[in-house]
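Numbering of ligands and ligand atoms starts at 1, following listing order.
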Amino acid sequence: MIVKELLKYVFMTENYLTLPSLGGHRDPAVRENMEEAKELLKYVFMTENYLTLPVSGTGTAGMETAMFNVVEPGDKVLVCVNGYFGERMCDMAQRCGGELIRLDTEWGHAVDPARVEQALKADKVKVVFVVHAATSTGVLQPLVEISRLAHEHGALMMVDTVTSLGGCPVKVDEWELDVVHSATQKCVGCPPGMAPITFSPRAEKVLGARKTKVQSFYLDMSIVQQYWGQERFYHHTAPISMCYALREALRLLYEEGLEARWERHALNSRALMAGLQAMGLQAFAQEGYRLAQLNAVRVPEGIVDANVRGRLLDEYSIEIGSGFGVLNGQIWRIGLMGYNSTARTVYVFLSALEAVLQAEGFALSPGEAVAAAREVYG
Ligand SMILES: *Cc1c(COP(=O)(O)O)cnc(C)c1O
């Protein structure tokens, strides 16, 4: 675009990210940015889905967009619950009039496809919902088998990838996922404010066959897609600055490459966990189903959760997550997401935690955690 080239000239710069002022939401420069964001989202979701865009709002808006557009009053919805966000999705399914079938799994464990199959045999379900990366527990849910079962029983596969997207593989087309939402502020590495979402052609057909209007005007994909499509039909004003932030975060992700990014997350998690284990801490999530971007460990015996988190924050400016719901006070959730998944973060955190735990009276051998992490990096 000529304006960008001229701006580089007046700024005397070669900077790639040189843009005119953001402009109104119907400005051609803004449109171009929106188009680029959509294309880059297809890359991260690994999909050819036409209906791929970021809705305005955080990840929760993504959850509601998925549920509210697919479910009509009386539809049966199978929600797999093994953490906090599954609970939330049960609430949403009921708010839009769905008939909820709830499949509970102990927190910290992955959902067993055999139990999903039983539920699908027992009821004519319209959609199966699972959380890919359970942020409250650190569990990574395998999706391929559940997706296959959903389709075998004529149901759509709906997945929350808020914490997985950009941090580990999310293969929408290969795994035949139908409705997949995410958020910008976790492993995509952008401020909070938009919710990427994608619908397969199979899901689009279901949306097209609705008999009732979507209960939310703001999140109604039949109108939202006309705003984001060629029509540019006014629906609401997109948060323009967020669209720019998202496009930039996605550009960085694209430049790094998806696979390199997954590997980076995996490596830093291995180093972190080696360090934590050297300190004598235990992983919380079921073995073989652990996330790299969110590392959950048990609070050791005799240690007060809040004291440790408080000291980390006050003395080292490091924030880690507590357990919530049934896990309150029992686990720590250590995020290594997006730009924060680095060796530096791992080393600084391990050193700080070691000092804090020692001050709290926990017996450990100073230096062992960092040494164990260093061994992983080789
Ligand atoms: C964070 C999160 C959400 C909600 O996203 P917000 O941006 O806080 O609205 C939904 N699902 C999962 C799995 C999450 O981790």
Sequence neighbours excluded - salt bridge (Lys or Arg N to Asp or Glu O under 4.0 Å) pairs with any residue from residues 119-145: Asp75-Lys126, Lys76-Asp123, Glu117-Lys121, Glu145-Arg148
Modelled atom types, side-chain donor and acceptor of His151 and Asp178, under 3.5 Å: yes
Close-range residues for ligand 1, whose non-hydrogen atoms fall below the 4.0 Å threshold: Thr58, Gly59, Thr60, Met63, Phe85, Val131, Ala133, Thr135, Asp160, Val162, Thr163, Gln185, Lys186
Can you list, pair by pair, the side-chain donor-acceptor contacts under 3.5 Å of residues 252-261, counting residues two or more places apart and other chains?
{"from": "Glu255", "atom 1": "OE1", "to": "Arg251", "atom 2": "NH1", "distance (Å)": "3.4"}
{"from": "Glu255", "atom 1": "OE2", "to": "Arg251", "atom 2": "NH1", "distance (Å)": "2.5"}
{"from": "Glu256", "atom 1": "OE1", "to": "Arg261", "atom 2": "NH1", "distance (Å)": "3.2"}
{"from": "Glu256", "atom 1": "OE1", "to": "Arg264", "atom 2": "NH2", "distance (Å)": "3.0"}
{"from": "Glu256", "atom 1": "OE2", "to": "Arg264", "atom 2": "NE", "distance (Å)": "2.7"}
{"from": "Glu256", "atom 1": "OE2", "to": "Arg264", "atom 2": "NH2", "distance (Å)": "3.4"}
{"from": "Arg261", "atom 1": "NE", "to": "Gly166", "atom 2": "O", "distance (Å)": "3.0"}
{"from": "Arg261", "atom 1": "NH2", "to": "Cys187", "atom 2": "O", "distance (Å)": "2.7"}

Salt bridge (Lys or Arg N to Asp or Glu O under 4.0 Å) contacts touching residues 45-74 (sequence neighbours left out): none
Under 3.5 Å: donor-acceptor pair, side chain of Gln293, backbone of His265: no
Arg95 NZ/CZ over Phe68 ring centroid, <6.0 Å and within 45° of normal: no
